[in-house]
Amino acid sequence: MNDGTITLPWLVIRQDDNGNRYRVGRYATRAEAQKIADSLDDRGHKQLYWVERIGPSGQHGASTVN
């Protein structure tokens with residue numbers, strides 16, 4: 001982008017035992033986001049982590065559940 005902004009379209013989302021969802025972070029690539037989600041998932045807690053893409057309009061895309 002020419003305006004100096006950085007695009008971070010990939011989100012890592014966490015869902016806790018009560019069904020509450022939280023954004024863990026935003027990342028430039030799916031691979032980077034998936035690496036973070038996998039490392040958090042490997043800790044063995046009951047939380048669920050997955051990766052979603054933010055579309056051009058800011059809408060979340062389809063998720064990939066770990």
Side-chain angles (χ1 to χ4, degrees):
M1 301 183 103
N2 292 335
D3 61 2
T5 60
I6 298 172
T7 302
L8 302 172
W10 294 97
L11 302 176
V12 174
I13 307 293
R14 175 178 71 98
Q15 182 172 312
D16 66 18
D17 298 342
N18 297 316
N20 299 308
R21 296 179 180 188
Y22 305 93
R23 183 174 65 200
V24 175
R26 293 180 66 168
Y27 303 92
T29 67
R30 182 184 182 126
E32 182 182 14
Q34 191 64 55
K35 182 178 177 181
I36 297 299
D38 289 344
S39 70
L40 292 168
D41 196 45
D42 288 344
R43 293 182 180 182
H45 295 287
K46 293 182 181 180
Q47 287 82 14
L48 176 66
Y49 295 91
W50 68 88
V51 173
E52 290 184 0
R53 181 177 172 87
I54 298 174
S57 64
Q59 298 293 328
H60 293 218
S63 62
T64 303
V65 177
N66 290 330

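Nothing here was measured: the structure is a model prediction, and the numbers come from that model.
Legend: residues meeting side-chain contact (heavy atoms from CB on, under 4.5 Å) with Ser39, ordered by chain and number and at least two apart, are absent.
The two residues Ala28 and Pro9 have their closest heavy-atom pair at O-CD, 3.8 Å. Closest approach of Ala37 and Tyr49 over heavy atoms only: O-CB, 4.0 Å.
Atom-to-atom distance recorded for Leu48:CG and Asp17:CG is 10.5 Å, nearest 0.5 angstrom. Here CD of Gln47 is found 14.0 Å from CD1 of Ile13. Values are rounded to the nearest 0.5 Å. Rounding to the nearest 0.5 angstrom, the gap separating the OG1 atom in Thr29 from the CG atom in Leu8 is 10.0 Å.
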Tyr22 and Asp16: side chain to side chain contact (heavy atoms under 4.5 Å, CB included), yes or no, with the steps? CA-CA 8 Å; Tyr22 305 93; Asp16 66 18; 3.6 Å; yes
Derivation and outcome, side chain to side chain contact (heavy atoms under 4.5 Å, CB included), residues Gln34 and Trp10: CA-CA 9 Å; Gln34 191 64 55; Trp10 294 97; over 6 Å; no
